[in-house]
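Proteins come first, then strands; the chains are lettered A, B, ... in the order of their sequence lines, and each starts at number 1.
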There are 4 protein chains.
Amino acid sequence: MDVFARKGFFLSKVSEIAEKAGVADGTIYLYFKNKDDLLISIFEEKMREINASFRDGLAQEPDALSRFRRFIRMHLEGFQSYPELASVFLVELRQSSRFMRDYKKVELENYLDLIGELVEQGQCEGVFRSDISVGLVKRLIFGTLDEVVSTWVLAGKPYELVALTEPVLDLLLHGIQKENDAIHKKPPEADVT
Amino acid sequence: MDVFARKGFFLSKVSEIAEKAGVADGTIYLYFKNKDDLLISIFEEKMREINASFRDGLAQEPDALSRFRRFIRMHLEGFQSYPELASVFLVELRQSSRFMRDYKKVELENYLDLIGELVEQGQCEGVFRSDISVGLVKRLIFGTLDEVVSTWVLAGKPYELVALTEPVLDLLLHGIQKENDAIHKKPPEADVT
Amino acid sequence: MDVFARKGFFLSKVSEIAEKAGVADGTIYLYFKNKDDLLISIFEEKMREINASFRDGLAQEPDALSRFRRFIRMHLEGFQSYPELASVFLVELRQSSRFMRDYKKVELENYLDLIGELVEQGQCEGVFRSDISVGLVKRLIFGTLDEVVSTWVLAGKPYELVALTEPVLDLLLHGIQKENDAIHKKPPEADVT
Amino acid sequence: MDVFARKGFFLSKVSEIAEKAGVADGTIYLYFKNKDDLLISIFEEKMREINASFRDGLAQEPDALSRFRRFIRMHLEGFQSYPELASVFLVELRQSSRFMRDYKKVELENYLDLIGELVEQGQCEGVFRSDISVGLVKRLIFGTLDEVVSTWVLAGKPYELVALTEPVLDLLLHGIQKENDAIHKKPPEADVT
DNA sequence: CATGAATGAGCTTTCATTCAT
DNA sequence: TATGAATGAAAGCTCATTCAT
């Protein structure tokens with residue numbers, strides 16, 4: 001995964017992966033069908049671990065809001081401690097959908113489902129709006145996290161990714177618009193003076 | 001661009017692109033330095049057109065909020081009418097940052113700057129919150145749109161992408177949390193007076 | 001010829017030759033059958049000029065020995081004033097014998113014949129040994145001049161090539177051995193003491 | 001080397017060399033960096049062998065003159081028994097100086113040095129003239145041998161190359177001028193006493 | 001006569017995959 | 001089970017040559 005992440009799928013050579021793994025080229029083919037299978041397998045295995053640990057972590061939180069906060073922190077923490085995964089997660093697997101027709105992405109979808117569940121639970125508990133599509137919210141959340149991590153990676157990881165937990169949470173929860181009810185109701189005459 | 005979008009950069013063969021373009025393989029190299037240059041050039045050219053038309057469109061809107069709505073609609077409209085661009089935009093160019101070290105992404109950055117300007121104008125006009133980082137908001141917006149389009153493409157474009165304009169706008173503006181936060185905050189009765 | 005000399009036959013591009021000549025690529029093919037023909041034609045033409053001027057020059061000399069000296073000086077002068085020719089002369093045409101089966105090398109052989117004539121005249125006049133094969137002497141002379149020029153070119157032309165006229169002439173005339181008659185006759189007894 | 005010799009560097013196809021060698025195209029690249037490296041490597045290896053065997057052979061000779069004779073015979077014998085080497089030696093490597101800038105020609109220069117040493121030893125022993133430049137003599141010898149072999153190869157090897165040993169030696173030692181110069185010089189009667 | 005854009009055959013080189021050991 | 005030398009298909013790119021203008 002280190003190699004795939006550093007070079008991308010097509011620029012990664014099987015021989016290089018074998019060398020990094022300390023085995024012979026041929027040995028790879030005793031455990032994986034081909035290069036595609038290699039990428040998918042190691043990614044899915046990693047994702048399985050991640051999904052398990054995420055479910056454990058989330059189970060410890062009492063309510064939907066704190067689970068949501070925890071989810072964002074874990075996502076950012078995860079990529080911060082294992083940035084190599086980010087590239088694969090963000091780019092390779094996305095592209096793979098085009099050339100690996102038979103890849104089912106089981107664990108990747110489990111991860112996305114996790115977000116869906118969080119949203120639904122939040123709606124049940126009455127802390128999240130019910131007038132919005134869960135699918136759309138998943139994309140809002142996943143897209144934003146994606147982009148936050150991606151920017152961080154491309155910029156050379158110049159700051160603590162996890163420190164963005166609260167700002168990101170705030171944005172996702174409240175949006176970017178100024179509380180416009182307040183605007184209608186409390187005119188800013190005091191400021192004008 | 002059709003070929004790149006359908007197969008991805010590495011699986012696209014120059015000979016296939018030439019065939020689709022109705023020219024001989026060698027002719028490609030009269031106009032482009034190499035395969036990298038080919039992808040970058042056609043992408044940048046398209047982006048230049050898009051940026052120009054976006055600036056035109058936005059200039060017609062009176063205020064930041066309507067400009068923001070217009071931007072989202074144009075983004076979704078654009079990808080809906082030219083889905084081939086989406087794949088390149090979303091995947092190839094992102095990956096390219098790894099193997100095309102010298103690609104400056106001028107027009108792609110112009111596009112991102114456009115979002116930044118929208119946000120700053122909104123803050124100036126007092127319709128967008130000022131307590132949030134412009135950079136982070138750019139990622140919220142760009143990431144969400146990215147993911148919305150991406151999901152739509154991968155799902156086989158089964159609906160009108162542009163129909164998501166208002167829901168997306170709503171989410172970005174107000175967030176996902178139920179407006180019960182008003183409860184925690186200063187109640188508006190004082191303002192009513 | 002400049003281009004051929006600088007890059008060699010295979011690395012010279014027809015388009016580059018056309019550019020240097022100030023004509024379009026296609027124009028070349030109005031005057032030459034193909035690239036091979038181009039090299040041969042311009043070389044033979046140049047050689048024809050050279051052969052003519054050599055015959056003129058040699059005709060002015062009274063005897064075989066001074067003609068021989070003049071020949072060597074003209075050869076070195078020629079390459080000194082037109083080093084580009086040297087590369088073609090030395091390398092390209094030699095190689096060409098392999099890929100241009102039908103090249104007759106008329107003028108190149110005229111040049112070699114010139115040396116042969118000089119040697120035969122010298123033998124007639126009694127200044128050159130008659131117990132040696134003319135063919136072999138041609139190779140002695142041509143090979144030596146070849147190597148002298150070649151070394152000079154490869155070394156970056158750091159000295160006056162024509163200044164080697166007398167040393168070369170001396171070597172060719174007298175060989176490298178010390179006058180060994182003297183050795184047989186005057187024993188070195190004085191040194192032994 | 002057979003292929004390079006028969007066709008020249010540029011007309012030799014790697015696939016043809018591989019076929020002749022009984023291996024797949026790709027196998028070539030397990031042992032050589034590229035086509036240039038292939039030519040240089042096999043040439044240098046052969047030259048190393050030749051240099052070693054030449055030094056062995058020369059070590060057996062008692063004096064400079066017999067070493068010189070031996071050298072010429074070995075040179076002619078060598079090319080006679082391995083004519084393929086000749087073409088590479090004479091043409092390809094000479095041209096290579098132009099397109100293989102980084103080729104150091106270690107063994108080729110060792111060979112040339114061998115001639116230089118022979119000349120210097122001859123001068124020490126008093127059998128070779130001391131009033132001539134060693135560099136120039138190297139070119140006389142190397143150029144002549146070059147041309148002798150080259151003519152033989154281009155003529156289709158119609159005679160025993162090694163039979164030219166004595167005539168060539170004679171020419172190199174005594175030059176082409178008739179020994180009438182003895183007349184001009186101090187007559188040997190004084191020495192006879 | 002001259003042009004030069006277009007051609008496309010053919011090259012070197014790479015690298016996923018195999019299989020005898 | 002592990003190896004890694006060998007494979008050979010396939011790709012990017014070049015450039016001599018053509019021919020409509």
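Rounding to whole angstrom units, NZ of residue Lys13(D) and P of dA9(E) are separated by 16 Å. Atom NZ in Lys35(A) sits about 12 Å away from atom C1' in dT17(E), given to the nearest Å. Straight-line distance from the CG atom of Asp36(A) to the P atom of dC15(E): 16 Å, rounded to whole Å. In this structure, CG of Leu30(A) is placed 15 Å from C1' of dA16(E), rounded to the nearest angstrom. Atom CG in Leu11(B) sits about 15 Å away from atom C1' in dG12(F), given to the nearest Å. Residue Leu38(B) contributes atom CG, which lies 12 Å from atom C1' of dG12(F) at whole-angstrom precision.
For the pair Ser15(A) and dC15(E), the criterion of a side-chain N or O lying under 4.0 Å from OP1 or OP2 is not met.
Side-chain atoms of Tyr31(D) lie closest to dA6(F) of the nucleotides dA6(F), dT17(F), dG4(F). Nearest to the side-chain atoms of Tyr29(B) among the listed nucleotides dT14(F), dG4(E), dA2(E) stands dT14(F).
The residue Phe32(C) sits apart from the nucleic acid: no heavy atom pair falls under 4.0 Å.
Pair check for dA9(F) finds dT14(E); Watson-Crick or G-U wobble, both atom distances under 3.5 Å. Under the Watson-Crick and G-U wobble criteria, each requiring two contacts below 3.5 Å, nucleotide dG8(E) is paired to dC15(F).
Aromatic ring orientation, Phe142(C) versus Tyr111(C): perpendicular (interplanar angle above 60°, classes split at 30° and 60°). Aromatic ring pairs are classed by plane angle as parallel below 30°, tilted from 30° to 60° and perpendicular above 60°; the pair Phe4(C) and Phe9(C) is parallel.
In summary, Glu45(D) and Arg48(D) do not engage in a salt bridge, as defined by a charged side-chain N under 4.0 Å from a carboxylate O.
Comparing Asn34(D) and Asp25(C) by the nucleotide of DNA chain E whose heavy atom lies nearest to each, the residue mapping closer to the 5' end is Asp25(C). Heavy-atom distances to DNA chain E give each of Ile28(C) and Gly26(A) a nearest nucleotide, and the one nearer the 5′ end belongs to Ile28(C).
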